[in-house]
Amino acid sequence: MGAEAGAAIAIRPRRSVLYMPGSNARAVEKARTLPADAVILDLEDAVAPDAKAEARARIVDTVKAGGFGPREVVIRINGLDTPWGSDDLEAAAGAAPDAILVPKVQTVEQLVTVGRRLDALKVPQTTRVWAMIETPLAILDIKAIAQAAQDPLTRLTVFVLGTNDLAKETRAALVPGRAPMVGWLSLVVAAARVYGVDVLDGVWNQFQDLDGFKAESAQAVEFGMDGKTLIHPSQIEPCNIAFSPPEAEVARARAIIAAFALPENAGKGVITLDGRMVELLHAEMAKRTVALADAIAARA
């Protein structure tokens, strides 16, 4: 277990994920230049019904044109049970983005349906599926939904929390600290971790309140989430900072990896480092910290 082992972990940073309305041509173009790890070009909530067809065409052209650099490009379609969903999925598939975000996923069957459509359209496996988790039924069946990631057909890679919709559907209050939702959010993270799915936190609605945003981002980090969805470019920098491991934590992680790599520590499950007991589980955690830090540095 050397330093090389830590670097071998493949991680794609998803700290800051910005929604951009597909109906706003200027915003869609601006998505190529912003320092977000990913952009979601939105055909659902941010687009009025009479503008959806035009927005769909604009987003497809934009994605096909490329120029997004290291940013992950995601298209959020309308639900397949809406008048626009099927056309959205086919158009998005033709654009071959990094991922297609499916709203209101609450059954495994929905993911299977999307996967079969993508396979039928011969979309390469490099286009993944992200799932919005935003209904009570999704929370209650989150283990089965997360387990669907083990089926290559579903292409499931990321959960995106829709906390506004969860509040609407459950009548829970959206309050600082999110006490009414703590159990739900923790359950989603637990299920995601079992089956290798990333988790992105929901949006912070008061985009001018950066202190509130920073507090909620810190809470998401404490939950163990991978990043946060955003509604305004001003949220990108504080979000990137919140979800990047601090320099001291990275230095400590490198020291742990190096210590376990020493010949005298070969085969040991527990060692002492700087007067503290360190276990193999800490070395595994350190590998991920270093891999994330290296992946972030590579983007700079």
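Quick caveat: nothing in here was measured; it's all calculated off a predicted structure.
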(message) side chain to side chain contact (heavy atoms under 4.5 Å, CB included) for L80 and T113? Distances and angles first, verdict last.
(response) CA-CA 9 Å; L80 295 183; T113 296; 4.1 Å; yes
(message) So does A286 get a backbone contact from the side chain of R252, meaning a donor-acceptor N/O pair under 3.5 Å?
(response) no
(message) Between E169 and T135, is there a side-chain donor-acceptor contact under 3.5 Å, judged purely by atom types and distance?
(response) no
(message) Donor-acceptor check, side chain of R116 to backbone of L111, threshold 3.5 angstrom: yes or no?
(response) no
(message) Is there a continuous path of hydrophobic side-chain contacts, each under 4.5 Å between heavy atoms, that joins V182 to I133?
(response) yes
(request) Could you tell me whether E284 and K287 make a salt bridge, using a distance below 4.0 angstrom between a side-chain N and a carboxylate O? (result) yes
(request) Indicate yes or no: at least one non-hydrogen side-chain atom of T272 is less than 4.5 angstrom from one of M277. (result) no
(message) Can you tell me which residue among D201, I145, I139 is in a side-chain contact (heavy atoms from CB on, under 4.5 Å) with V188?
(response) I139
(request) Answer yes or no: is there an ion pair linking K214 with D209, defined by an N-O contact shorter than 4.0 Å? (result) no
(message) P180 and side-chain contact (heavy atoms from CB on, under 4.5 Å): which single residue from L166, L174, V175 fits?
(response) V175
(request) State whether the side chain of R276 and the backbone N or O of L273 hold a donor-acceptor pair below 3.5 Å, judged by distance alone. (result) no
(request) Considering non-hydrogen atoms only, spot the tightest contact between I11 and A291 and give its length. (result) CD1-CB, 3.8 Å
(request) State whether the number of non-hydrogen atoms from other residues, nucleotides or ligands found under 6.0 Å of E264 atom CD is greater than 12. (result) yes
(message) Using every non-hydrogen atom in the two residues, find where P35 and S16 come nearest and quote the distance to one decimal.
(response) O-OG, 4.1 Å
(message) Using modelled atom types and a 3.5 Å cut-off, is there a donor and acceptor pairing between side-chain atoms of K268 and backbone atoms of F260?
(response) no
(message) Between R58 and G22 (side chain of the first, backbone of the second, donor and acceptor by atom type, cut-off under 3.5 Å), is there such a pair?
(response) yes
(message) Tell me whether T229 contacts the main-chain N or O of V17 through its side chain, where contact means a donor paired with an acceptor under 3.5 Å.
(response) no
(message) For the backbone of S86 and the side chain of E90, can you confirm whether one donor and one acceptor N or O come within less than 3.5 Å of each other?
(response) no
(message) With a 4.5 Å cut-off on side-chain heavy-atom distances among I, L, V, M, F, W and Y, is there a chain of contacts connecting V102 to V108?
(response) no
(request) Measure across I256 and A283 and return the closest heavy-atom pair with its distance rounded to 0.1 Å. (result) CG2-CA, 3.8 Å
(message) Would L161 and V199 count as a side chain to side chain contact (heavy atoms under 4.5 Å, CB included) here? Give the steps.
(response) CA-CA 7 Å; L161 287 159; V199 182; 3.9 Å; yes
(message) Which residues pass the side-chain hydrogen bond (donor to acceptor under 3.5 Å, both in side chains) test with T82, not counting sequence neighbours?
(response) none
(request) Indicate the atoms forming the closest heavy-atom contact of A220 with F243, along with that distance. (result) CB-CZ, 3.7 Å
(request) Just do the side chain to side chain contact (heavy atoms under 4.5 Å, CB included) check on L262 and I271 with the steps written out, would you? (result) CA-CA 11 Å; L262 293 173; I271 63 172; over 6 Å; no
(request) Give a yes or no on whether V160 and V129 share a hydrophobic cluster (residues Ile, Leu, Val, Met, Phe, Trp, Tyr; joining criterion: side-chain heavy atoms under 4.5 Å apart). (result) no
(message) Between V105 and L118, is there shared hydrophobic-cluster membership here, with clusters defined by ILVMFWY side-chain heavy atoms closer than 4.5 Å?
(response) yes
(message) Measuring from atom CZ of R15 to atom CG of D37, what distance do you get when rounded to the nearest 0.5 angstrom?
(response) 4.0 Å
(request) Return each pair, listed once, that meets salt bridge (charged side-chain N to carboxylate O under 4.0 Å, His left out) where at least one residue sits in residues 138-147; pairs must be two or more places apart or across chains. (result) none
(message) Rounded at 0.5 Å granularity, tell me how far CH2 in W130 sits from CG in L156.
(response) 11.5 Å
(message) Using side chain to side chain contact (heavy atoms under 4.5 Å, CB included), reason through V114 and T154 one step at a time and then give a plain yes or no.
(response) CA-CA 7 Å; V114 170; T154 71; over 6 Å; no
(message) To the closest 0.5 Å, what do you measure between CD (E237) and CD1 (I241)?
(response) 5.0 Å
(message) Is there a side-chain contact between L230 and V203 in this structure, where contact means two heavy atoms from C-beta onward sitting under 4.5 Å apart?
(response) no
(request) Determine the minimum heavy-atom distance between A92 and P97, stating which atoms define it. (result) O-CD, 3.1 Å
(request) Output yes when a side-chain donor or acceptor of T127 lies under 3.5 Å from a complementary backbone atom of A99, and no otherwise. (result) no
(message) I'd like to know if D88 and R56 make a salt bridge, using a cut-off of under 4.0 Å between side-chain N and carboxylate O.
(response) yes
(request) State whether the side chain of R299 and the backbone N or O of P70 hold a donor-acceptor pair below 3.5 Å, judged by distance alone. (result) yes
(request) Please determine if K104 and D165 form a salt bridge, counting it only when a charged side-chain N lies under 4.0 Å from a carboxylate O. (result) yes
(request) Flag yes if more than 12 heavy atoms outside E54 fall under 6.0 Å of its CD atom; otherwise flag no. (result) no
(message) Tell me if the CD atom of E247 is crowded by more than 12 foreign heavy atoms within 6.0 Å.
(response) no
(request) Evaluate the side-chain proximity of I100 to L89: yes if any heavy-atom separation is below 4.5 Å, no if none is. (result) yes
(message) Using the rule that Ile, Leu, Val, Met, Phe, Trp and Tyr join whenever any side-chain heavy atoms are under 4.5 Å apart, tell me whether I75 and L34 fall into a single cluster.
(response) yes
(request) Supply the atom-to-atom distance S234 OG to L210 CG, rounded to the nearest 0.5 angstrom. (result) 5.0 Å
(message) If we check side-chain contact (heavy atoms from CB on, under 4.5 Å) with F159, which of these qualifies: V197, L200, V189?
(response) V197
(request) Using atom types as modelled and distance alone, determine if a side-chain donor or acceptor of Q219 lies under 3.5 Å from a backbone N or O of G177. (result) yes
(message) My understanding is that only one of R12, R14, K228 makes a salt bridge (charged side-chain N to carboxylate O under 4.0 Å, His left out) with D198; could you say which?
(response) R14
(message) If you define the side chain from C-beta out and look only at heavy atoms, does anything of Q110 sit under 4.5 Å from D81?
(response) no
(request) Check N78, I77, V47 against W84 for a side-chain contact (heavy atoms from CB on, under 4.5 Å) and give me the one that passes. (result) N78
(message) Does any part of the side chain of I59, heavy atoms only, come nearer than 4.5 Å to the side chain of L43, both counted from C-beta?
(response) yes
(request) Could you grab the distance from atom CE of M20 to atom CZ of R76, nearest 0.5 Å is fine? (result) 13.5 Å
(request) Please name the residue in the list F213, F207, Y19, W204 that meets the ring pair (Phe, Tyr, Trp, His ring centres under 6.0 Å) test with H232. (result) F207
(message) Looking at every non-hydrogen atom in both residues, tell me the closest pair between V28 and P21 and how far apart they are.
(response) CG2-O, 3.5 Å
(request) Determine whether L185 and T163 make a side-chain contact, defined as any pair of heavy atoms from C-beta on separated by less than 4.5 Å. (result) yes
(message) Once rounded to the nearest 0.5 Å, what's the spacing between atom CG of L137 and atom OG1 of T107?
(response) 8.0 Å
(request) With the side chain counted from C-beta on, respond yes when K30 and T33 share a heavy-atom pair under 4.5 Å apart, and no when they do not. (result) yes
(request) May I ask you to test the V123-R155 pair for a side-chain heavy-atom distance under 4.5 Å? (result) yes
